[in-house]
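In what follows, a structure is listed as structure tokens, so that the remarks can point back to it.
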Amino acid sequence: MAAPGWYPDTTMAGTQRYWDGQRWTEHRAPLGAPPAAAPPQPRLRADGSVRGPSLLVAVLVLGLGVVLAVAASFVLIPAFVDSLSGPRWAVPGSNRAALDDGAWVLYERVDVAGSGAIGPDDVTIEGPASVVPRFDSTNETITINDREYVGVVRFDVDVPGTYEITVRGEPSQRGEVLLARPIWDLFSRWPWFLAGGAGGLLAIVGTTLWIVGGVNRGRARRAGFS
């Protein structure tokens, strides 16, 4: 069998045609002209079919990546929002809030006069189940709109529902507390961070396979391969 290259075209006088080593392609050039560069050829298997990522494999990898990324976002985004936002109210005062189960922290605004005196004895929580406030030993700090808050009281909710949280203290026009999820609660969800990262990576790989496979199949069609 002849090696790949340009040969006289017996079907069209005065022209030459490119032989890819297995069959004639649709690439032609005038006979006697300098041989043109060999056209890009698709990778072929032994049976002559086109090699490369199949559309099915690309779709499966991409789909799995999207599912993992979306599932992780449904878990992490609400947790992140709960960690950085929540109801705020003046001290002394009360607030009714719908709380899911898990850990919650009362953050006290510390950049105002009279702050720093709130403790578990100043907090009462009433709702569907008994809740016992205690000191927050982590002293996490949150900054929102140039306002700094530090964790002072922590409590755990076992039964989701609406709770009334009362904070006693010295009256102040600017003193306030913020109720939010603890920041460290995000890090306890590390498996979801891994799942989200893996999903993003699979989505990139699936998209790449899709593009590479499409290019190979396009070259095969232009070269006359099935």
Side-chain angles (χ1 to χ4, degrees), residues 63-112 114-203:
L64 178 59
V66 171
V67 169
L68 286 175
V70 170
S73 66
F74 271 108
V75 174
L76 295 177
I77 291 178
F80 183 78
V81 172
D82 286 341
S83 297
L84 297 180
S85 64
R88 289 176 283 182
W89 66 95
V91 176
S94 300
N95 185 80
R96 291 177 63 84
L99 305 181
D100 295 328
D101 58 334
W104 292 87
V105 173
L106 276 173
Y107 295 84
E108 182 183 11
R109 187 178 174 189
V110 297
D111 54 347
V112 297
S115 63
I118 297 176
D121 293 338
D122 302 311
V123 179
T124 301
I125 304 171
E126 298 178 346
S130 175
V131 176
V132 179
R134 58 186 185 278
F135 281 110
D136 180 28
S137 59
T138 61
N139 296 125
E140 294 176 343
T141 300
I142 296 178
T143 301
I144 301 176
N145 297 329
D146 296 327
R147 295 183 177 183
E148 185 177 359
Y149 299 83
V150 62
V152 290
V153 175
R154 171 187 164 181
F155 58 91
D156 295 318
V157 173
D158 296 326
V159 179
T162 300
Y163 290 79
E164 182 168 358
I165 302 137
T166 302
V167 182
R168 296 176 293 276
E170 295 297 327
S172 171
Q173 290 182 339
R174 295 182 299 169
E176 65 180 6
V177 291
L178 163 71
L179 177 64
R181 289 282 196 182
I183 298 296
W184 55 261
D185 186 59
L186 280 175
F187 297 101
S188 67
R189 304 168 188 263
W190 61 267
W192 288 106
F193 281 101
L194 293 180
L201 181 61
L202 286 174

Q) Step by step, would you call Y107 with E140 a side-chain hydrogen bond (donor to acceptor under 3.5 Å, both in side chains)? A) CA-CA 8 Å; Y107 295 84; E140 294 176 343; 2.8 Å; yes
Q) Is the closest side-chain donor-acceptor distance between T124 and T166 under 3.5 Å? A) no
**Q.** Considering all heavy atoms, the nearest E108-V177 contact
**A.** CA-CG1, 4.3 Å
Q) Going from CG on L106 to CD1 on I125, what distance comes out if it is rounded to the nearest 0.5 angstrom? A) 6.5 Å
**Q.** Exercise: identify the closest heavy-atom pair between R181 and D101
**A.** NH2-O, 3.0 Å
Q. Are any non-hydrogen side-chain atoms of I165 and V123 less than 4.5 angstrom apart?
A. yes
Q: Using the side-chain contact (heavy atoms from CB on, under 4.5 Å) rule, take W192 and L194 through it: C-alpha gap first, then chi angles, then the decisive distance, then the call.
A: CA-CA 5 Å; W192 288 106; L194 293 180; over 6 Å; no
Q. What distance separates R168 CZ from D122 CG, expressed to the nearest 0.5 Å?
A. 6.0 Å
Q.
If you define the side chain from C-beta out and look only at heavy atoms, does anything of T141 sit under 4.5 Å from Y149?
A. no
Q.
Quick one, S94 and W89 - any side-chain contact, counting heavy atoms below 4.5 Å?
A. no
Q: Provide the closest heavy-atom pair for G200 versus A69 in the form atom of the first, atom of the second, distance.
A: N-CB, 4.5 Å
Q.
If you compare all heavy atoms of L179 against all heavy atoms of A97, which two are closest, and at what distance to 0.1 Å?
A. CD2-CB, 4.2 Å
Q. Is there a side-chain contact (heavy atoms from CB on, under 4.5 Å) between D136 and V152 once you walk through the steps?
A. CA-CA 5 Å; D136 180 28; V152 290; 5.9 Å; no
Q: Just grab all the salt bridge (charged side-chain N to carboxylate O under 4.0 Å, His left out) pairs involving residues 150-164, residues at least two apart or on different chains.
A: R96-E164, R134-D156, R154-D156
Q) In Å, rounded to the nearest 0.5 Å, how long is the span from CG of N95 to OH of Y163? A) 14.5 Å
Q.
Looking at every non-hydrogen atom in both residues, tell me the closest pair between V153 and P133 and how far apart they are.
A. CG1-CB, 3.6 Å
Q) Looking only at heavy atoms, what is the nearest atom pair of P182 and V105, with distance? A) CB-CG2, 3.8 Å
Q | Distance (rounded to the nearest 0.5 Å) between E176 CD and R147 CZ | A | 5.0 Å
